[in-house]
Amino acid sequence: MAGAAGPAAGSGVAGGDGDDSLYPIAVLIDELRNEDVQLRLNSIKKLSTIALALGVERTRTELLPFLTDTIYDEDEVLLALAEQLGNFTGLVGGPDFAHCLLPPLESLATVEETVVRDKAVESLRQISQEHMPVALEAHFVPLVKRLASGDWFTSRTSACGLFSVCYPRASIAVKGEIKQYFRSLCSDDTPMVRRAAASKLGEFAKVLELDSVKSEIVPLFTNLASDEQDSVRLLAVEACVSIAQLLSQDDIEALVMPTLRQAAEDKSWRVRYMVADKFSELQKAVGPKITLNDLIPAFQNLLKDCEAEVRAAAAHKVKELCENLPIEGRETVIMNQILPYIKELVSDTNQHVKSALASVIMGLATILGKENTIEHLLPLFLAQLKDECPEVRLNIISNLDCVNEVIGIRQLSQSLLPAIVELAEDAKWRVRLAIIEYMPLLAGQLGVEFFDEKLNSLCMAWLVDHVYAIREAATSNLMKLVQKFGTEWAQNTIVPKVLVMANDPNYLHRMTTLFCINALSEACGQEITTKQMLPIVLKMAGDQVANVRFNVAKSLQKIGPILDTDALQEEVKPVLQKLGQDEDMDVKYFAQEAISAVAQRLRKLDFPVKDSEEPSAPGADKNHFPRPRGPEEDTGKAQRGRVAGVASEEAVATARFRGPGAAKGPAYQLHVNTRDTLPQLEIGELVLFSQSID
C-alpha cells in the first residue's frame, strides 16, 4: 500500500476548518499508505474507526475502492484486512450496501497465502447472510462464478467454500448453475482444487435436496474417493459421514458402502488412517445393522494394519466402537470379534499403539462386567502395567477407577497392586521413579483408607532409597499426598514417621528428614510445623555431620515465613547464632543467610526488641537481630556512621580471624559502602562474630 493514493485525509477529515479532534483519524488514513508494515497493520486494525470518521458514503466511494486497488501488501496486513471487512456491513450503510464489500474480499480470496484466502472466504460467508435474495443473485452469485472459473487455482479453491451459503436462497435456475460449477471443480485438473472441493462436499450435500444428493453428490463422492491423489481420497472419507446421515439404510448400503469398503482397504495408509479416525462417526451414520455386517470386519483389518499409525488410530476408537454397539448381543460381539485383536495389540511392537490402547482399554470393564473383566481383561491390564513404556503404564494407572467400580477394591488389590508394588521395588531406579510419579494419582483413585493399608509403607520406604533422585521424588510425593488427603492425615500418618528418621544412623536419611520438613511445612501449616517439626530441626542443629547442620540452617530459612514471631525470636534465633559460630565455613555461611532472612521477616512483622538487647559498643552482644526503630529515633548520618563503623571493625576482625592462609569460600561475605542507605547498612549489623582477636 505504500505510496498509493488514499482517501483525502486533509480536505475531508481534518481539513481547512482546523478541527484538531479529527487529526488522529487523518493520521490513521495516512498510515494506510506508510512504508512501515507495522504502521499499516495498526491502521488496518483500526479500519472501523476510519470508516466511522469518514461516514458511510465516503467509506463506500473512497475507502473501499482504495483498499480494493491496493491489495498487494504483506500477508499479515491482508489477513487483518480480510478479518475487518467481515464486520463492515454496518459501516457501509447496512445490508442494502453489503455488496460494496465484495470487491476487496474477492481480491483477497485470490491471493497466494492460504490463511488470507481462508479468512476472506470466512468473511464472504458471513456477509452472504446479510444479502437479500435479490442482491444475493445480483452480486454474490456472480462473484462465486468468477472465482470458480478463475485462471488461478487460488480463486477456484476459495469458490468451493461459498457454494453452500448461496445455494439455499437461490432460484431454481441459479441452483442448477451452482451445481454445475461445483461439479466442474470436483473434476478440476489441479489437485489442490479437487482437495478443496472434497473438503466441502459433505457441507454442500447438507443444503441440497435429497434427490440431488443421490443423483449428483454420490457420483462426485465416488469419483473423489477413487482420485489418483491420496490427499483427495482421504478428504472424501470425511464427506462420507455427512452423506450417509442424509440417506436411508438401503441407499447407504447401495450407494455409500462399496466406496467406504474400498477406502478401508486403500493402498495409501493415510486414507486408511482417516477411516480409523472417523470410525465412530461412520458407525453412527450408517446404523447398527451395517456396522455389524460391514464395519466390524473393516475395523478388525484396521486393528491389524501393517502401519502403526493406522493401528494406533483404530486402538483409540475401541471403547467408542464398543459403547455404540447395540446393547443386545454387544457382549458376544466384543468377546468374539474385538477382544482377540485387542490381545494382539497389547504386545504390539510400537509403543504408540500400546499407549493408545492403554488409554481406552480400562473402559471396557464397565461394558463387559465383573466376570469377563477378571477372566479376560485383568491379564491384559497386568501385561500393560509391566510394559517398558512409561506412557503405557501411566494410562493404565490413571484409569484404574473404571476397573475399581466393576470388580471392587479388594479384587483390584489382589490382582493389579502386586504388580505396582513389584514395579516400585524394581532394580532399575528409573522404573521406581516412574511409579512414584503416578502415586498421587493412584492414591486419589483408591482412597485414603486403602492407601494407608497397602501403599503408605511403600512411600516411606522410598525416602531411604539409595538413589538420591528417588528420595527427592519421594519427598515431593509426600507433599502431593498431603495436599490430596489433608493436614489431619499428615499429622497422624506421615509426620511421625518422617520425624523418626531424624535419629537414623545414616546421615543421608537424616538429611531426607529435613528435605521432607521443607516440603511438608507449607502444606501442613503453622501449628503442625511449630509444634512437631521445628523441635526436631532445632535438635538436629547439633548433628555431628556438617552437611546436616548447614541443611538445618537452610531448613530454618525455608520454614521461617511459616513460623510465628515468638518461635523465631526465642527458638530459631539462638540456634542460628550458634550455627553462625560453627567451625565449618559452609555451616557459617548458610547460618548467616538464614539470619538475614529471618531478620527481614521480623522487621516486616515489626517485632519489638528490648533496649537491653541493643549493643552499647562495637562487638557487644554480637549475632543479635536488629531492632526495628521508632519514629523518633535518629536515622541520619550519625547512625549510618555508627553502623558502618561496626561493620568495618568486624570485617577487620574477620580477616585476622581467618588468617592469610584461610580457605576461601562463601562463609564470610561482607560488603559495606558508607554511602548506602541505612536499611542496606543494617546488613552490616547482622554480620558479627564472637571470636576474640589476639
Side-chain angles (χ1 to χ4, degrees), residues 397-398 400 409 413 417 420-421 423-425 429 432-541 543 548 551-552 554-564 567 571-572:
I397 290 176
S398 60
L400 276 180
I409 195 68
S413 66
L417 285 181
I420 295 175
V421 173
L423 290 172
E425 299 172 346
W429 68 269
R432 302 199 299 275
L433 184 63
I435 290 296
I436 294 175
E437 292 172 354
Y438 306 148
M439 191 54 65
L441 181 66
L442 190 60
Q445 296 186 57
L446 299 179
V448 62
E449 294 182 4
F450 186 84
F451 178 83
D452 285 341
E453 181 183 347
K454 299 290 184 180
L455 299 176
N456 194 321
S457 57
L458 199 59
C459 292
M460 299 308 300
W462 283 325
L463 292 174
V464 294
D465 196 279
H466 65 277
V467 177
Y468 172 75
I470 300 297
R471 299 197 299 273
E472 183 183 36
T475 301
S476 176
N477 173 55
L478 285 185
M479 181 181 66
K480 295 175 182 177
L481 290 173
V482 172
Q483 292 172 348
K484 192 173 291 291
F485 291 149
T487 56
E488 184 177 351
W489 173 81
Q491 185 176 8
N492 298 330
T493 308
I494 293 297
V495 174
K497 295 179 180 179
V498 169
L499 299 183
V500 168
M501 292 169 55
N503 300 318
D504 195 289
N506 190 326
Y507 84 96
L508 293 175
H509 300 168
R510 299 199 296 275
M511 287 173 58
T512 302
T513 301
L514 294 172
F515 300 152
C516 289
I517 289 174
N518 294 346
L520 295 175
S521 57
E522 187 174 350
C524 290
Q526 185 183 92
E527 183 178 356
I528 296 177
T529 302
T530 304
K531 292 183 178 179
Q532 293 185 256
M533 299 184 191
L534 180 59
I536 298 298
V537 178
L538 298 176
K539 179 182 176 183
M540 295 176 72
D543 198 280
V548 177
N551 273 290
V552 167
K554 292 169 71 174
S555 293
L556 289 175
Q557 181 178 349
K558 173 74 175 178
I559 68 176
I562 301 171
L563 302 174
D564 57 28
E571 300 183 63
V572 174

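Small disclaimer: the values here were computed from a predicted structure and weren't measured.
- Using a distance-only test at 3.5 Å, with no hydrogens or angles considered, no donor-acceptor pair links the side chain of S476 to the main chain of A473.
- F515 is not listed as a side-chain neighbour of L463, based on a closest heavy-atom distance of 4.5 Å or more.
- Residue R432 comes nearest to V467 through the heavy atom pair NH2-CG2, 3.6 Å, listed as atom of the first residue, atom of the second, then distance.
- In terms of heavy-atom proximity, A523 sits nearest to T487 at O-CG2, 3.2 Å.
- Here the CH2-CD1 distance, from W429 to I436, works out to 10.0 Å after rounding to the nearest 0.5 Å.
- When side chains are defined from C-beta on, V572 counts as touching L534, because their heavy atoms get closer than 4.5 Å.
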Requested in this report: Might you work through the side-chain contact (heavy atoms from CB on, under 4.5 Å) test for N503 and K539, ending with a clear yes or no?
Outcome: CA-CA 10 Å; N503 300 318; K539 179 182 176 183; 3.8 Å; yes
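- Using a 4.5 Å heavy-atom cutoff, the side chains of I559 and M533 are not in contact.
- Minimum interatomic distance between C524 and V495 (heavy atoms only, all atoms of both residues): SG-CG2, 4.3 Å.
- The line from CG of L520 to CD of Q532 is 11.0 Å long, rounded to the nearest 0.5 Å.
- Residues N456 and K497 form a side-chain contact, since some pair of their non-hydrogen atoms from C-beta on lies under 4.5 Å apart.
- Under the 4.5 Å side-chain criterion, counting only non-hydrogen atoms from C-beta, D452 is in contact with T493.
- At least one donor-acceptor pair closer than 3.5 Å links the side chain of R510 to the backbone N or O of P505.
- Under the 3.5 Å distance criterion, the side-chain polar atoms of N492 are matched with a main-chain donor or acceptor of E488.
- The side-chain heavy atoms of L481 and F451, taken from C-beta on, include a pair separated by under 4.5 Å.
- Proximity of M511 to D543: side-chain heavy atoms (C-beta onward) are nowhere separated by under 4.5 Å.
- Taking the side chain as every heavy atom from C-beta outward, L563 and E571 never approach each other to under 4.5 Å.
- A distance of 8.0 Å separates CD of E522 from CD of Q483, quoted to the nearest 0.5 Å.
- Side chain of T512 to backbone of L508: a donor-acceptor contact under 3.5 angstrom is found.
- Atom-to-atom distance recorded for L514:CG and K558:NZ is 13.5 Å, nearest 0.5 angstrom.
- A distance of 12.0 Å separates NZ in K480 from CE in M439, rounded to the nearest 0.5 Å.
- Shortest non-hydrogen contact noted between S521 and T529 is O-OG1, 3.3 Å.
- A502 and I536 get closest at one heavy-atom pair: CB-CG2, 3.5 Å.
- The NZ atom of K484 lies 12.5 Å from the CE atom of M479; values are rounded to the nearest 0.5 Å.
- Taking both residues in full, the closest heavy atoms of A474 and W462 are given as CB-CB, 3.5 Å, listed atom of the first, atom of the second, then distance.
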